[in-house]
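Per chain, numbering begins at 1; letters A, B, ... match sequence-line order.
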Protein chains: 2
Amino acid sequence: MAANSRLTIATHVLAWLALAQRQGQEVLTSEQVAASVNTNAVVIRRSLGDLRRAGLVEVRHGAGAGWSLARDPEGITLLEVYDAVDAQPPFGLHRSEPNAECPVGRGIRPALGGVYGRVERAMRQELAHTSIADVLRETLVN
Amino acid sequence: MAANSRLTIATHVLAWLALAQRQGQEVLTSEQVAASVNTNAVVIRRSLGDLRRAGLVEVRHGAGAGWSLARDPEGITLLEVYDAVDAQPPFGLHRSEPNAECPVGRGIRPALGGVYGRVERAMRQELAHTSIADVLRETLVN
DNA sequence: TTGGATGTAACAGAGACTGTTACAGGGATT
DNA sequence: AATCCCTGTAACAGTCTCTGTTACATCCAA
């Protein structure tokens with residue numbers, strides 16, 4: 001599979017909403033966001049749907065419809081975005097159950113589960129250190 | 001995609017080799033390893049090939065052929081295994097170039113690259129803390 | 001020389017994600 | 001109330017990666 005770009009798309013969307021908000025633009029349509037990300041509007045709506053369910057963005061229907069941030073971009077961390085888009089964990093266990101008659105086959109899964117849990121915790125901690133506002137700042141210097 | 005199980009398979013293989021070695025079994029064939037992991041021998045040979053190229057295991061040809069650890073299991077970290085199997089990074093950037101006419105589209109990639117780099121560094125640091133011998137110990141208590 | 005195991009190519013199948021089209025639903029604005 | 005634009009979501013094709021499998025050439029101790 002191609003690497004998972006869900007977190008990238010969602011972060012891009014939020015940064016763009018944050019910038020628009022700062023520039024006085026109240027809402028953006030999925031078409032407008034899609035133009036920046038350079039993809040189809042439905043892809044953006046799927047991502048925005050995830051973010052809406054997580055309470056990170058709000059939608060307005062009817063005429064003058066569109067999307068806006070539901071919270072201060074300084075307070076939205078990439079960890080929340082990661083959880084919102086439900087990306088797959090970095091490592092998977094065996095696809096099919098190992099041989100239970102082998103001592104390694106019996107115990108390897110919980111052992112690896114422990115390690116993978118620690119890795120994921122480190123990853124989440126790092127994601128929690130960066131906010132959408134941070135990303136936007138970094139983005140605008142370049 | 002189903003989660004990436006390469007690291008899991010490779011670690012399982014190495015732990016099994018470590019246990020066999022400790023029990024006085026000099027070498028294991030790919031068939032024997034495959035029986036523990038419960039998969040096809042070719043899958044195991046592919047993994048062992050990665051590990052051989054990384055210098056973690058040795059192969060013996062001819063009669064009495066098979067695989068053995070090339071180094072002390074206490075000294076082989078999961079980070080080395082991770083690099084050996086060349087698993088994909090947890091996050092990918094945009095599949096198609098974002099719109100360069102948008103300020104966010106222009107700068108988002110390097111900005112995200114920085115974040116993702118920090119995440120991967122944290123992940124690697126955690127993997128470096130665990131050895132094959134650690135995994136085997138954890139495996140055998142269960 | 002022999003025989004068992006490795007090394008690798010080739011291919012089918014599964015699964016996930018992206019991109020796309022199509023269409024029902026919602027609600028300001030008029 | 002009618003209109004109209006945009007959302008929300010289903011459905012589907014195409015792509016890509018990984019796994020599992022078969023097949024076969026290669027290697028080397030005995």
Side-chain angles (χ1 to χ4, degrees), chain A residues 1-10 12-13 17 25-35 37-54 57-68 70 85-99, chain B residues 1-10 12-13 17 25-35 37-54 57-68 70 85-99:
Chain A
M1 132 195 113
N4 202 327
S5 62
R6 281 198 196 181
L7 181 59
T8 293
I9 301 298
H12 187 147
V13 169
L17 286 179
Q25 184 116 32
E26 275 188 41
V27 300
L28 291 177
T29 67
S30 59
E31 285 287 354
Q32 291 173 303
V33 178
V37 180
N38 190 23
T39 185
N40 191 286
V42 173
V43 175
I44 298 300
R45 279 184 234 151
R46 281 202 277 251
S47 184
L48 280 165
D50 289 338
L51 297 173
R52 179 174 55 74
R53 278 182 283 276
V57 299
E58 287 171 343
V59 62
R60 222 159 65 189
H61 281 259
W67 301 85
S68 57
V85 300
D86 194 35
Q88 65 181 340
F91 305 122
L93 291 178
H94 307 67
R95 183 159 298 206
S96 53
E97 197 84 23
N99 185 350
Chain B
M1 129 184 125
N4 201 328
S5 63
R6 283 197 195 181
L7 181 59
T8 293
I9 301 299
H12 187 147
V13 168
L17 286 180
Q25 183 115 33
E26 275 187 42
V27 299
L28 292 176
T29 67
S30 60
E31 284 289 352
Q32 292 173 303
V33 179
V37 179
N38 190 24
T39 183
N40 191 284
V42 174
V43 174
I44 298 299
R45 278 185 234 150
R46 280 203 278 249
S47 185
L48 280 165
D50 289 338
L51 297 173
R52 179 174 55 75
R53 278 182 284 277
V57 299
E58 287 171 344
V59 63
R60 221 160 65 189
H61 281 259
W67 301 85
S68 57
V85 300
D86 193 36
Q88 65 181 339
F91 305 121
L93 291 179
H94 306 69
R95 181 158 299 205
S96 53
E97 197 84 24
N99 185 350

Output the single nucleotide from [options] whose closest atom is nearest the side chain of [X].
X	options	result
Ala63(B)	dG8(D), dA30(D), dC17(C)	dA30(D)
Val42(A)	dT21(D), dT6(C), dT21(C)	dT21(C)
Ser30(B)	dT6(C), dT7(D), dG19(C)	dT6(C)
Arg52(B)	dC6(D), dG19(C), dG7(C)	dG7(C)
Thr29(A)	dC6(D), dG20(D), dT9(D)	dC6(D)

Working to the nearest 0.5 Å, report the span between [atom1] of [X] and [atom2] of [Y].
X	Y	atom1	atom2	result
Arg45(B)	Arg52(B)	CZ	CZ	12.5 Å
Asn40(B)	Arg46(B)	CG	CZ	8.0 Å
Ile9(A)	Asn4(A)	CD1	CG	10.0 Å

Once you round it to whole Å, what is the distance between [atom2] of [N] and [atom1] of [X]?
X	N	atom1	atom2	result
Trp67(A)	dC5(D)	CH2	C1'	15 Å
Gln32(B)	dG4(C)	CD	P	14 Å
Arg60(B)	dA30(D)	CZ	P	8 Å
Glu31(A)	dT21(C)	CD	P	11 Å
Arg45(A)	dA22(C)	CZ	C1'	11 Å
Asn38(B)	dT21(D)	CG	P	10 Å
Ile44(B)	dT21(D)	CD1	P	12 Å
Asn40(B)	dA14(C)	CG	C1'	16 Å

According to a strict under-4.0 Å criterion, is [X] in side-chain N/O contact with OP1 or OP2 of [N]?
X	N	answer
Ser5(B)	dT19(D)	yes
His61(A)	dG8(D)	yes
Thr39(B)	dT19(D)	no
Arg6(A)	dC17(C)	yes

(message) Suppose we call a contact any N or O donor and acceptor under 3.5 Å apart; does that hold for the side chain of Arg95(A) and the base of dG15(C)?
(response)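 Such a pair does not exist between side chain and base.
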
(message) Quick check: any donor-acceptor pair below 3.5 Å linking the side-chain of Arg46(B) to the base of dG20(D)?
(response)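 Answer is yes: a donor-acceptor pair is held.
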
(message) I'd like to know if the side chain of Thr8(B) reaches the main chain of Gly92(A), judged simply by a donor and an acceptor atom lying under 3.5 Å from each other, with no hydrogens or angles considered.
(response)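 Yes, the answer is positive, given that a donor and an acceptor are paired below the 3.5 Å cut-off.
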
(request) Could you tell me whether a side-chain N or O of Asn38(B) sits under 3.5 Å from a main-chain N or O of Asn99(A), the two making a donor and an acceptor? (result)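 A pair under 3.5 Å: no.
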
